[in-house]
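In what follows, a single structure is set out as structure tokens and then discussed.
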Amino acid sequence: MSNKNSFDGLELQTHNWKVSPLEVEEVHSSFFEDKSIFPQDSIKFDNALLMKNINHKWVGRESIQQ
């Protein structure tokens, strides 16, 4: 279970890897914009990638403690 100090562990396993860059005009996130979690200017959006037709599976992992 996720909370402010613990995060669900999740791994993306891929058998092939191909991404394309995306042009982003605007970004909003209620999580990342929460100043009680992330102080002003502590994070910055850096890129967006699109993955299509990727052979993959999601694997649950142990929780990550902060």
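Just so it is clear, the model here is predicted, and its values are computed rather than measured. All heavy atoms count here, side chains included; hydrogens, waters and symmetry mates do not.
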Atom of [X], atom of [Y] and distance for their closest heavy-atom approach:
X     : Y     : value
Gly9  : Ile64 : CA-CD1, 4.2 Å
Asn47 : Leu49 : OD1-CG, 3.8 Å
Lys35 : Gln40 : CE-OE1, 3.1 Å

Phe32 vs Phe38 aromatic rings, parallel, tilted or perpendicular, using cut-offs 30° and 60°?
tilted

Do [X] and [Y] share a hydrophobic cluster (ILVMFWY, side-chain heavy atoms under 4.5 Å, transitive)?
X     : Y     : value
Val19 : Leu12 : yes
Leu10 : Ile54 : yes
Val27 : Ile43 : no

Decide if atom CG of Asn53 counts as having more than 12 heavy atoms of other residues, nucleotides or ligands within a radius under 6.0 Å.
no

Return yes when atom CD of Gln13 has more than 12 non-hydrogen atoms of other residues, nucleotides or ligands closer than 6.0 Å, and no otherwise.
yes

Distance, nearest 0.5 Å, that separates OG of Ser63 from CG of Asn5
12.0 Å

First locate atom OG1 of Thr14, then atom NZ of Lys57, and finally report the distance between them rounded to the nearest 0.5 Å.
11.5 Å

